[in-house]
Amino acid sequence: MIRRKLIAGNWKMNKTAAEGVSLAQDIVAAAGKEPSVDVVLCPPFTALESVSRVLEGQAVKLGAQNMHPERSGAFTGEVSAEMLRTLYVTHVILGHSERRTLFGETDDFINRKVVVALAHQMKPILCVGETLAERDAGTTLAVVQRQVEACLRGVKPDQITTVIIAYEPVWAIGTGKTATPEIAEETHEFCRSILAEHFGKRASSSMPILYGGSVKPENTAALMQEKDINGALVGGASLEAKTFSQIVNYR
Ligand code: PGA
């Protein structure tokens, strides 16, 4: 069973390198030396190095928002796993719905990234979730099952427990509409059953499944009370130290 929650801040395309330093410093100060949850900050690529220096020797970890599966080469605008690792990146968000819908990323492409991230000792935060149309059509669980299975294809049993899943209903991202704890829990529980089917009950029960989509200080505690919700991936509310720290210290 997982005891420790994980709260990750996805800054998206916000904060310059200098602004990132100041936000990270404030978050580190508020989190203290021994935060009661794991905390990960995911700045844009251009702020990774400056934020990495702030996080040196701290409990708060560094994540990237994306990564290319190839080692190097003619991939204009892309960043490799090795480039991230040399900046002490420990986590990487993969398959975020904005990558899927705005940049056309497919499950197969995301799967390649997951495999490469693991091979470079980074923990993928694999995002899955249905659109409003899919929810209305009653296909939520089928969509999530397809994404989980396709994106984790080929992941070895000894690596699977380092994968973090983030269930983010697309209709709840940046809209202010959070899934109720019950709605989120239903999908989280289902995700865990799919993971158990493929990777065994023991592995699946130790894998963190985060919820994402309009997480705020006011709704965090109720979401975190659910059995299969092991943390949160926070977008908008991670851009201010005060609100993000309230989420981190939600108890
Ligand atoms: P939000 O974003 O908290 O602003 O809804 C969450 C995410 O996209 O990861």
Side-chain angles (χ1 to χ4, degrees), residues 5-15 19-20 23-24 27 37-45 47-48 51 60-67 89-105 110 113-114 117 122-132 134-135 140 143-144 147-148 151 163-181 183-184 187-188 191 208-224 226 229-250:
K5 307 272 194 215
L6 189 157
I7 307 287
N10 174 10
W11 297 0
K12 308 194 180 184
M13 197 173 72
N14 295 288
K15 307 292 174 188
E19 289 165 350
L23 176 57
I27 290 169
V37 300
D38 289 334
V39 183
V40 181
L41 305 183
C42 306
F45 290 141
L48 280 174
V51 171
V60 176
K61 300 274 184 261
L62 185 64
Q65 298 174 18
N66 187 23
M67 189 199 87
V89 168
T90 53
H91 293 67
V92 57
I93 299 172
L94 296 175
H96 189 279
S97 67
E98 285 148 21
R99 299 295 322 164
R100 292 176 188 262
T101 56
L102 303 174
F103 302 99
E105 292 197 12
I110 297 160
K113 300 181 188 211
V114 168
M122 280 185 288
K123 296 183 179 194
I125 302 178
L126 170 64
C127 301
V128 298
E130 81 288 3
T131 62
L132 186 56
E134 288 163 340
R135 174 156 288 269
T140 297
V143 167
V144 168
Q147 292 173 333
V148 168
C151 296
V163 174
I164 297 156
I165 305 280
Y167 168 58
E168 300 204 301
V170 179
W171 47 271
I173 296 178
T175 57
K177 283 188 218 152
T178 326
T180 62
I183 289 180
T187 316
H188 280 239
C191 269
I209 306 179
L210 316 182
Y211 169 78
S214 298
V215 172
K216 299 184 263 306
E218 308 83 66
N219 57 28
T220 307
L223 286 160
M224 295 308 130
E226 296 293 336
I229 302 184
N230 312 119
L233 181 55
V234 187
S238 73
L239 296 175
E240 280 198 28
K242 187 160 171 248
T243 45
F244 188 66
S245 302
Q246 284 169 346
I247 293 172
V248 166
N249 300 313
Y250 69 89

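Whatever order the structure lists them in is the order used to number ligands and atoms, beginning at 1.
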Is any side-chain heavy atom of C42 closer than 4.5 Å to a side-chain heavy atom of Q65? yes

Using a 4.0 Å cut-off to any heavy atom of H96, which atoms of ligand 1 qualify? 7 (C), 8 (O), 9 (O)

How far is atom 3 (O) of ligand 1 from its nearest protein heavy atom, and which residue and atom name does that atom have? G235 N, 2.8 Å

Out of all atoms in ligand 1, which are within 4.0 Å of some heavy atom of G213? Include the element for each. 5 (O)

Test side-chain contact (heavy atoms from CB on, under 4.5 Å) on V128 and C151 and set out the steps. CA-CA 9 Å; V128 298; C151 296; 5.6 Å; no

As an exercise, state the distance from NZ of K123 to OG1 of T90, rounded to the nearest 0.5 Å. 7.5 Å

Can S214 be said to touch ligand 1, with heavy atoms closer than 4.0 Å? yes

Between NZ of K5 and CG of L223, what distance do you get to the nearest 0.5 Å? 10.0 Å

Mode of A172 contact toward ligand 1 - side chain, backbone, both, neither (heavy atoms, under 4.0 Å): backbone

Are any of the heavy atoms in K12 under 4.0 Å away from ligand 1? yes

Just need the protein heavy atom nearest to atom 4 (O) of ligand 1, so name the residue and atom and give the distance. G236 N, 2.8 Å

The protein heavy atom nearest to atom 7 (C) of ligand 1 is E168 OE2, 3.2 Å

Ligand 1 versus N10, non-hydrogen atoms closer than 4.0 Å: side chain, backbone, both, neither? side chain

Looking only at heavy atoms of G174, does any of them come nearer than 4.0 Å to an atom of ligand 1? yes

Separation between CD (E218) and OG1 (T178), nearest 0.5 Å, reads 9.0 Å

State which residues pass ring pair (Phe, Tyr, Trp, His ring centres under 6.0 Å) with H96; sequence neighbours excluded, sorted by chain then number. none

Rounded distance (nearest 0.5 Å) linking atom CD1 of I7 with atom CE of M224: 5.0 Å

